[in-house]
Amino acid sequence: MRKYWGLVLSLAFVISCKEDKPVTDEIAEVVTIEKPVVVKEFGFNLDDFEVLRDTVKNGDSFGELMLKNRVDYPKIARVSEHFRDTFDVRKIVVGKPYLILKSKDTINNAQVFIYQNDPINYTVVDFRDSVLAYKKKQKVKYVEREASGIIESSLSEAILQQGIDYNVTNNLSEIYAWTIDFFRLQKGDRFKVIYKEKYINDTIYAGASGIEAAYFEHNGEPFYAFNFVSDSTKNINDYYDDQAKNLRRTFLQSPVQFSRISSRYNLNRRIAYYGYKVRPHKGTDYAAPIGTPILATANGTVTESTRRGGNGKYVKIQHNGTYSTQYLHMKNQKVKKGDFVKQGDVIGWIGMTGNTGGPHVCYRFWKNGQQVDPLREKLPAAEPIADSLKTDYLEFVGPKKSQLDCIEYIELPEEDLLTLN
Ligand SMILES: [Zn+2]
């Protein structure tokens with residue numbers, strides 16, 4: 001089934017990048033953001049007022065600020081009495097920007113107070129008639145962006161060098177947390193990404209928003225990621241690859257197919273051989289005939305492939321910043337230190353090397369350097385795309401995939417790299 005989807009995708013969306021020019025034209029168009037002479041701000045024509053812009057200083061209180069700008073005390077009191085839910089005057093935060101719109105006449109008193117809760121949300125206190133307070137949002141425009149890069153030393157460096165928001169790095173590492181170990185990127189790994197930038201009132205940059213689609217090539221292996229709403233009623237969205245598989249792959253239940261658990265993780269295990277003394281067992285044993293393939297339970301990099309003491313021949317794989325897994329008593333390893341392995345790859349074969357009474361693999365699960373019981377560990381659930389949505393998904397993803405494929409890699413000139421170091 002998976003192979004079938006992959007085939008459909010690769011056949012259906014082979015589109016020449018040059019024919020697909022409108023995409024780039026569209027982007028070129030939105031990239032130019034005009035800087036109009038701003039007259040209207042926060043819904044007010046600022047020309048009608050004398051405008052005072054400042055930020056809340058240590059010791060400032062709303063009441064004093066208003067008194068200083070000739071607002072009558074009863075009006076100030078009304079705000080805290082009647083509009084506490086909208087604007088709690090006690091909760092103004094030092095450093096937040098505000099505007100006071102004053103009358104241009106000789107009285108020159110504050111007519112409107114605008115408090116900027118954050119770059120998007122603001123609160124208006126209007127003193128002009130009877131006092132009124134309300135919350136509003138700035139108009140936010142989303143502009144689609146494309147970026148790409150080739151890793152020299154780190155992902156964040158490759159992204160920051162191009163002046164791209166740090167959020168993009170963050171989002172990428174979250175999307176791929178279960179697929180790629182970002183601590184072990186290789187020089188030459190490369191990526192492409194389609195994301196959105198937020199602009200307030202068409203002019204003020206307010207940060208990068210979520211990634212829509214991404215491509216990451218790690219050790220020559222391609223990994224696509226597409227953001228897709230998999231449940232519109234619950235508004236659940238997630239990232240899936242080009243074959244509709246969820247990227248938040250959790251670990252395989254067991255490193256050996258068709259095996260049985262012969263001994264579970266047990267910190268109080270007592271063994272007859274050792275005179276019934278406590279011999280904690282920090283692994284889960286899966287018994288299977290000698291020569292049965294042992295599989296990597298998740299993508300990762302081999303950090304150890306060696307023979308040592310009671311462990312016998314073993315392999316250890318680091319999956320991300322948190323998790324590693326280890327596989328003991330192998331007959332032989334199939335991978336060596338530094339290899340990148342994918343979930344389900346054969347990494348060795350069941351054997352009896354080291355301390356063992358019979359053929360099995362002792363599977364050890366490390367979390368932040370401690371051995372834990374994987375069967376009790378709360379691992380992120382990876383909901384698959386419902387079969388009924390797969391057609392929709394593939395239709396949705398097709399053009400995005402072509403768009404990604406058409407992004408060219410940006411290679412920074414050598415001088416730029418030097419000056420930035
Ligand atoms: Zn064991």
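Start at 1 and go down the list; that is how both ligands and their atoms are numbered. Computed from a predicted structure; not experimentally measured.
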Trainee: Indicate whether the side chain of Asn227 and that of Tyr240 have a donor and an acceptor atom separated by less than 3.5 Å.
Mentor: no
Trainee: In total, how many protein N/O/S atoms does one find closer than 2.8 Å to the Zn ion (ligand 1)?
Mentor: 3
Trainee: Test Gln403 against every option in Lys192, Glu212, Glu144 by the side-chain hydrogen bond (donor to acceptor under 3.5 Å, both in side chains) rule and name the one that passes.
Mentor: Glu144
Trainee: Are Phe113 and Phe62 an aromatic pair, judged by ring center distance below 6.0 Å?
Mentor: yes
Trainee: Can Asp60 and Lys57 be said to form a salt bridge (Lys or Arg N to Asp or Glu O under 4.0 Å), step by step?
Mentor: CA-CA 5 Å; Asp60 273 354; Lys57 302 282 185 306; 5.9 Å; no
Trainee: Scan Gln333, Arg308, Arg364 and name whichever one has a side-chain hydrogen bond (donor to acceptor under 3.5 Å, both in side chains) with Tyr314.
Mentor: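 With Tyr314 as partner, Gln333, Arg308, Arg364 yield a single side-chain hydrogen bond (donor to acceptor under 3.5 Å, both in side chains), made by Arg308.
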Trainee: Taking distance alone, no hydrogens or angles, what donor-acceptor pairs closer than 3.5 Å link side-chain atoms of residues 282-299 to residues at least two apart or in another chain?
Mentor:
unit_1: Asp285; atom_1: OD1; unit_2: His281; atom_2: NE2; d: 3.1
unit_1: Asp285; atom_1: OD1; unit_2: His360; atom_2: NE2; d: 3.4
unit_1: Asp285; atom_1: OD2; unit_2: His281; atom_2: NE2; d: 3.4
unit_1: Tyr286; atom_1: OH; unit_2: Gln253; atom_2: O; d: 3.4
unit_1: Thr292; atom_1: OG1; unit_2: Pro289; atom_2: O; d: 2.6
unit_1: Thr297; atom_1: OG1; unit_2: Tyr327; atom_2: OH; d: 3.1
unit_1: Thr297; atom_1: OG1; unit_2: Tyr363; atom_2: OH; d: 2.8
unit_1: Asn299; atom_1: OD1; unit_2: Gln343; atom_2: N; d: 2.6
unit_1: Asn299; atom_1: ND2; unit_2: Thr179; atom_2: O; d: 2.9

